[in-house]
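Have a look at the structure below before the remarks.
In what follows, every chain begins at residue 1, and chains take the letters A, B, ... in the order their sequences are listed. All values below were derived from every heavy atom in this structure, side-chain atoms included, with hydrogens, water molecules and symmetry-related copies excluded.
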Number of protein chains: 2
Amino acid sequence: MSENINTWLSQINNDYKAALSVDCVIFGYTDADLYVGTIKCNMPPYEGLPSLVGDLVRPDENSDQAVNRIIIEKTGFKNLYFEQVHTFTNIDRHPLGRVVSIAYFSLIKLDEYQRAESSNTKELNWINLNENFILAFDHNQILEKCITQLRDQIKDRPVGFNLLPKKFTINQLQELYEVILQIKLDKRNFRRKLLSLGILSDIKEFQTEVSHRPAKYYSFNKQLYDKRKSDGFLF
Amino acid sequence: MSENINTWLSQINNDYKAALSVDCVIFGYTDADLYVGTIKCNMPPYEGLPSLVGDLVRPDENSDQAVNRIIIEKTGFKNLYFEQVHTFTNIDRHPLGRVVSIAYFSLIKLDEYQRAESSNTKELNWINLNENFILAFDHNQILEKCITQLRDQIKDRPVGFNLLPKKFTINQLQELYEVILQIKLDKRNFRRKLLSLGILSDIKEFQTEVSHRPAKYYSFNKQLYDKRKSDGFLF
DNA sequence: ACAAAAGTGTTGTCGCTACACCCATGG
DNA sequence: CCATGGGTGTAGCGACAACACTTTTGT
C-alpha cells in the first residue's frame, strides 16, 4: 500500500470511496438450452431493460455473503454453488455514480427452480442465450465474461458436479456439459472418461418410476477429488 | 439491481461505500527462480512486514488504469502485461476500515528490471517464492491466488508471450515455463510443440555476442493467434 | 581444440474419437 | 410386445514423453 498512513487516512474519505455491488449471472439449463435469469431494470436510462440480479454489498458482509443472500432471495436455493469471475470498475458504468460491481456466476436446473418456486421468491425472467438481447448497464459484457469463464472452467474443473443435485446420473451430467459447451458428446466416451477420473461414487441407487431401464445414480466424491488434485492433475 | 431507485440513492451513501484499492503481484523471474516484488509496510499492526504493491483507485480512473499507473511508478515499465485475478472483500481485511482490493498479477524479467532501474523508480524487494514468508494484510492469500492463476493460465493461453520481450528465443520461453511451473521440460518436445502451434514468427534475427551457437529470435504473432482461436482451440 | 548452448528424429504409449447393438423397465 | 432411454467394447489415429548426438559460435 502507500508509504504513509496519513496519506491513507485522508484519501480514504470522500470521493475515493465507491459503492460496492455484486451482479450474479444465474444460469438456468434445460435438456436443450442455457438461459440467464434476469429482472426488469427500473433505473433510467435503462428502464424496462432486463438486467442481471444484483445488489449492494452491505457493510457487514463480504461479497460472497452478499451473493449467497441474493441467490436465496431470488431462487430460494440455500446452498447453490457460485464463483467470483471479474470485477468491473469503469467510472461511468453506473448512472448514479461510482459503483463497482463484482460479477459471479451460478447455475441451476430450470425445472427444479420451477418446482421449488415458492410464495416468496421473486420471479426471474429467463432469457435463452441463443437469442440476441440487450441488458441494462454493462451487463452484456458481464454476461459474456461469465459464459466464457463457465465454459473454460467446466473443461478442467468439476464445476459441473457442484451444479447438479447431490445424486445424478452420468447422462444428466453429460447433458449439462452439452448444453454449456453447445456441443454433442459421445455417450460411451463421456461415460468412460468421467468414470476413469475416479471422483464419482456409485451410491447403489437407481432411478425409479421411469418407463425405461433405470439409470444408476452417482455422487461427486470430493475427498477423492482433492486427493487426486494433490497428487497431480485432473481432467 | 434493486427494484427501486430510491433504495439505491439512499443506500449508496455512507457506510455502504468502500475504499477501492488494487494490489499487484509483480512476479520477477530469473533463469532459476520466481520472485515477488514487495515494499515495506508501515501500517500497524503490520509495520515492518513486506506487502504487495498497491494503491487506492482514484476517482477518475478504473482499476486497470490504477494498476498501470502503479506498475510504471514502481518498475518504470510502460507497457507491462497484467491481468485481473480476484477481488478480496472481507470486512476486516484492512485495519483502517472497509477496503476492497482487486488483485492483479504481472511478470517481469529480473535482469531487465535491474538494468532499467532508474533514478526515480522506487525500489522493490524481491522475495524468492521458494522461501516461506509472511506478508502484511491478507497478502499471502492474494499471492497464492495469483500464483495458481498464473500457472493455470500459462498452460492454455499465451500468457508467456506477453511476459517476454518482443523478441525471444525458444529456450528463453522454455525457461520461463520451467520457472513458473517449477518443472523441467524436454527441449525437443517443447520446441516442437510451440512451433507447431503456428503462433510464433521467425523474425530472421539471431543472438549476437554469445560465445556459443547463436539462437534464433522469434516473436509472438497475435494475428495468427487470434485467427487460430476463432477457428477452434489452442494449446 | 575446447567449452557452451542451439538445434534436430524416432519410437512407444496412452488417451481420444468414431461407431452399433443389447438391456431393463413401464405402459 | 413395444417404446424409451440406459448401458457396453473395440479399433485406428494423433498427441505426448523419453531419449543422445551434431552444429555453431567465441575464446
Side-chain angles (χ1 to χ4, degrees), chain A residues 29-32 109 111 154-156 158 160 164-165 167-179 181-219 228 231-235, chain B residues 30-32 109 111 154-156 160 164-165 167-179 181-219 228 231-235:
Chain A
Y29 69 99
T30 62
D31 291 353
K109 197 172 174 181
D111 56 15
I154 205 173
K155 277 182 229 152
D156 54 41
L164 282 169
K167 60 181 188 183
F168 50 84
T169 71
I170 304 269
N171 286 319
Q172 283 166 4
L173 189 57
Q174 179 175 344
E175 277 176 8
L176 178 62
Y177 273 73
E178 289 179 343
V179 167
L181 298 175
Q182 297 284 3
I183 53 174
K184 195 97 193 81
L185 296 167
D186 181 89
K187 201 162 49 152
R188 280 173 285 198
N189 295 335
F190 185 83
R191 176 176 299 264
R192 184 172 28 240
K193 175 99 194 283
L194 268 287
L195 289 176
S196 77
L197 292 175
I199 56 177
L200 296 182
S201 296
D202 177 349
I203 59 169
K204 314 276 182 202
E205 270 188 72
F206 290 85
Q207 283 181 319
T208 52
E209 300 174 26
V210 285
S211 75
H212 55 75
R213 177 173 172 179
K216 213 180 235 188
Y217 279 120
Y218 291 85
S219 71
R228 213 143 288 231
D231 296 347
F233 296 134
L234 196 55
F235 276 57
Chain B
T30 62
D31 291 355
K109 198 174 173 181
D111 57 13
I154 205 173
K155 278 182 229 152
D156 55 38
L164 283 169
K167 61 181 186 181
F168 50 83
T169 71
I170 304 269
N171 287 316
Q172 282 166 4
L173 189 56
Q174 180 176 341
E175 277 175 9
L176 178 61
Y177 273 73
E178 290 179 339
V179 167
L181 299 174
Q182 297 283 5
I183 51 174
K184 195 94 193 84
L185 295 167
D186 181 89
K187 201 160 54 148
R188 282 172 284 199
N189 294 334
F190 185 83
R191 177 177 298 266
R192 184 175 25 244
K193 174 98 193 283
L194 269 288
L195 288 175
S196 76
L197 292 175
I199 56 177
L200 296 182
S201 296
D202 178 350
I203 60 169
K204 313 276 181 205
E205 268 188 76
F206 290 85
Q207 284 180 318
T208 53
E209 299 174 28
V210 285
S211 76
H212 56 76
R213 176 170 174 178
K216 214 181 234 189
Y217 280 120
Y218 292 84
S219 70
R228 211 140 293 229
D231 296 347
F233 295 136
L234 195 56
F235 275 57

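Considering every non-hydrogen atom in both A:F168 and A:L200, the closest pair reads CZ-CD2, 3.9 Å. Nearest approach of B:S219 to B:I203, heavy atoms of both residues: OG-CG2, 3.5 Å.
Taking atom CZ of A:R213 as the reference point, atom C1' of C:dG27 lies 19 Å away to the nearest angstrom. Whole-Å rounding puts the A:Y218 OH to D:dG6 C1' distance at 11 Å. Separating the CZ atom of B:F168 from the C1' atom of C:dA6 is a distance of 16 Å, rounded to the nearest angstrom. Regarding B:L194, its CG atom lies at a distance of 14 Å from the C1' atom of D:dC16, rounded to whole Å. When rounded to the nearest whole Å, the span between CD of A:Q207 and C1' of D:dG7 equals 12 Å. When the C1' atom of D:dA11 is taken as reference, atom CZ of A:R192 falls 11 Å away, rounded to whole Å. One interatomic measurement links the two molecules: CZ of A:R191 to C1' of D:dT10, which rounds to 17 Å at whole-angstrom precision. The distance between atom CZ of B:F206 and atom P of D:dT25, rounded to the nearest whole Å, is 9 Å.
Nucleic acid contact for A:K187: base, since at least one base atom lies under 4.0 Å from a heavy atom of the residue.
Distance from the side chain of B:R188 is smallest for C:dG9 among the nucleotides C:dG9, D:dT25, C:dA6. The side chain of B:D186 sits closest to D:dC19 out of D:dT23, D:dC19, C:dA4.
With a 4.5 Å cut-off on side-chain heavy atoms, A:R191 and A:N171 count as touching. Put simply, the side chain of A:Y217 reaches to within 4.5 Å of the side chain of A:T169, judged on heavy atoms.
Along DNA chain D, the nucleotide nearest B:N189 and the nucleotide nearest B:E209 are compared for position; the residue whose nucleotide lies closer to the 5' end is B:N189. Between B:K216 and B:H212, the residue whose closest nucleotide on DNA chain C is further toward the 5' end is B:H212.
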